Amino acid sequence: MKRNSLFILLLLTVTITAFAQEISVAYFDILLSRQILDAAHTKQIAFIDNICVTGSRRIMLASKDSLYLLGYGGYVSYKPKAGNVSLFTTSGDNAYYLNNRKLIELSPQNGEKMIMTLSSSPKKVWGGKDVVYASSIEKGKYGLWAIFPSSRIQKKLLLLNNQPVNVFEHGGIIYVVTSKELLMMVVGANQYATVPFPQNLFSQVYSAAIDHQREALYLSSNKGLFRFYEKEFQKVSNDNGTLYYDQDGLLLYNNKEPSVIRIRNAFLYPKKDTKEVIIELR
């Protein structure tokens with residue numbers, strides 16, 4: 001186990017547009033940065049471009065040979081038995097990782113076990129309720145699959161023209177966010193509706209996350225970080241990265257830096273009399 005006192009709530013300095021009011025730094029947490037890793041005498045880690053949160057509310061990252069659980073008190077690294085991590089995600093209390101086409105489950109009850117070998121090597125994976133969603137490239141298009149670990153069944157859902165960046169479930173509907181649009185598919189049905197994103201705001205979406213409680217959709221794009229909330233788009237930040245939403249706020253992950261920043265709910269959902277600002281995270 002590796003721990004360092006620098007992991008205990010480092011606060012972020014932000015620069016904001018000139019007209020904006022002063023913002024409390026307590027609205028933001030730095031959970032990972034190159035400076036933190038250097039201070040902990042950690043070797044250079046090539047992180048995979050994904051982030052998720054476990055059932056115990058620990059942030060999960062991964063490199064090609066290890067999984068990392070990150071929290072305010074430090075982080076724990078784990079080397080999987082399969083020896084190679086190509087992709088990973090979480091579903092409920094369980095974590096899943098792929099060694100090429102092999103899907104392996106990490107369970108608090110049963111430990112690590114091989115689930116199944118998939119028909120092809122996925123490019124991205126996302127966790128749902130008792131299901132793992134996966135995308136693959138098929139003849140120039142993107143196949144979307146549902147993998148059910150308990151029954152070891154793999155089911156093809158859609159063939160898409162645009163690259164999927166996230167898949168999540170809400171209110172009995174499967175939402176598929178692609179680089180250009182939002183697809184909505186009723187669970188168990190073959191039909192879906194498509195809503196294109198406004199091209200005047202951004203032309204490419206890289207990542208997405210949902211606040212289930214407030215029904216807000218966050219999009220990381222080529223023009224920054226946007227939110228669709230209360231029937232309108234709002235720009236949150238000029239930055240972008242890989243997104244994940246948990247009950248404390250929005251996680252913004254950059255695997256190149258590397259950095260993990262939490263934008264807290266107090267900033268994302270301010271009181272009605274608070275002036276809106278657009279931030280830049282440094």
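What you see is a predicted model; the values in this text were computed from it and never measured. When reading the values below, keep in mind they use all heavy atoms of this one structure, side chains included, and skip hydrogens, waters and symmetry mates.
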Margin query: Parallel, tilted or perpendicular: which one describes the rings of Phe168 and His212, with boundaries at 30° and 60°?
Written below: perpendicular
Note to self: Once you measure the plane-to-plane angle for Phe233 and Phe226, does it fall in the parallel (<30°), tilted (30-60°) or perpendicular (>60°) bin?
What the structure shows: perpendicular
Can you tell me if [X] and [Y] form a side-chain donor-acceptor pair at under 3.5 Å?
| X | Y | answer |
| --- | --- | --- |
| Gln213 | Tyr245 | no |
| Asn222 | Ser203 | yes |
| Ser107 | Gln109 | yes |
| Asn100 | Ser121 | no |
| Glu112 | Tyr97 | yes |
| Tyr206 | Asn240 | no |

Next item on the list: I would like to know whether Lys79 and Asp65 meet side-chain contact (heavy atoms from CB on, under 4.5 Å); could you show each step before the answer?
Entry: CA-CA 6 Å; Lys79 289 191 178 294; Asp65 62 358; 3.5 Å; yes
For [X] and [Y], indicate whether the former's side chain and the latter's backbone hold a donor-acceptor pair under 3.5 Å.
| X | Y | value |
| --- | --- | --- |
| Thr117 | Arg101 | no |
| Arg152 | Ile115 | yes |
| Asn265 | Gln247 | yes |
| Asp246 | Gly249 | yes |

Checklist line | Those residues that, when tested against Met184, pass side chain to side chain contact (heavy atoms under 4.5 Å, CB included) (two or more places apart) | finding: Ile173, Tyr175, Leu182, Ala193, Val195
Quick one: does [X]'s side chain get under 4.5 Å of [Y]'s, heavy atoms only?
| X | Y | value |
| --- | --- | --- |
| Leu252 | Leu243 | yes |
| Lys113 | Lys81 | no |
| Tyr78 | Leu106 | yes |
| Ile59 | Leu69 | no |
| Leu70 | Arg58 | no |
| Trp126 | Ser135 | yes |
| Tyr133 | Ile174 | yes |
| Gln154 | Leu118 | yes |

Same apolar cluster (I L V M F W Y, side chains within < 4.5 Å links), [X]/[Y]:
| X | Y | value |
| --- | --- | --- |
| Tyr192 | Val177 | no |
| Ile147 | Val131 | no |
| Tyr27 | Tyr229 | yes |
| Ile137 | Leu98 | no |
| Trp145 | Leu158 | no |

Check: Is it the case that Arg214 places NZ or CZ above or below the six-membered ring of Tyr269, under 6.0 angstrom from the centre and within 45 degrees of the axis?
Finding: yes
To the nearest 0.5 angstrom, please state how far the [atom1] atom of [X] sits from the [atom2] atom of [Y].
| X | Y | atom1 | atom2 | value |
| --- | --- | --- | --- | --- |
| Leu250 | Ser237 | CG | OG | 9.5 Å |
| Lys102 | Asn99 | NZ | CG | 6.5 Å |
| Lys64 | Ile45 | NZ | CD1 | 12.5 Å |
| Gln163 | Lys180 | CD | NZ | 11.0 Å |
| Ser33 | Ile261 | OG | CD1 | 8.5 Å |
| Tyr218 | Ile263 | OH | CD1 | 8.5 Å |

Next item on the list: Give the intermediate values and the outcome of side-chain contact (heavy atoms from CB on, under 4.5 Å) for residues Lys223 and Leu201.
Entry: CA-CA 7 Å; Lys223 297 296 184 179; Leu201 293 180; over 6 Å; no
Do you know which two heavy atoms are closest between [X] and [Y], and how far apart they sit?
| X | Y | answer |
| --- | --- | --- |
| Glu257 | Asn254 | N-OD1, 3.3 Å |
| Ser179 | Asn162 | OG-CB, 3.7 Å |
| Met60 | Ala95 | CE-CB, 3.7 Å |
| Met185 | Gln191 | CG-O, 3.7 Å |
| Val53 | Thr90 | O-OG1, 3.0 Å |
| Gly128 | Ser91 | O-OG, 2.6 Å |

Checklist line | Electrostatic pair Lys156:Glu138 at N-O distance under 4.0 angstrom | finding: yes
Next item on the list: State whether Asp49 and Lys256 are salt-bridged, where the test is any N-O pair (Lys NZ or Arg NE/NH1/NH2 against Asp/Glu carboxylate O) under 4.0 Å.
Entry: no
Notebook entry, point to check: Who passes ring pair (Phe, Tyr, Trp, His ring centres under 6.0 Å) against Phe47, sequence neighbours left out?
Noted result: Tyr68
Check: Can you list the steps and then say if Asp248 with Arg262 is a side-chain contact (heavy atoms from CB on, under 4.5 Å)?
Finding: CA-CA 8 Å; Asp248 293 320; Arg262 175 180 278 122; 3.5 Å; yes
Check: Between Tyr96 and Phe88, is a ring-ring contact (aromatic ring centres under 6.0 Å, His included) present by the stated rule, with each step listed?
Finding: CA-CA 6 Å; Tyr96 295 90; Phe88 70 98; over 10 Å; no
Checklist line | Trace of the side-chain contact (heavy atoms from CB on, under 4.5 Å) decision for Ile30 with Ile36 | finding: CA-CA 9 Å; Ile30 293 182; Ile36 291 173; 3.9 Å; yes
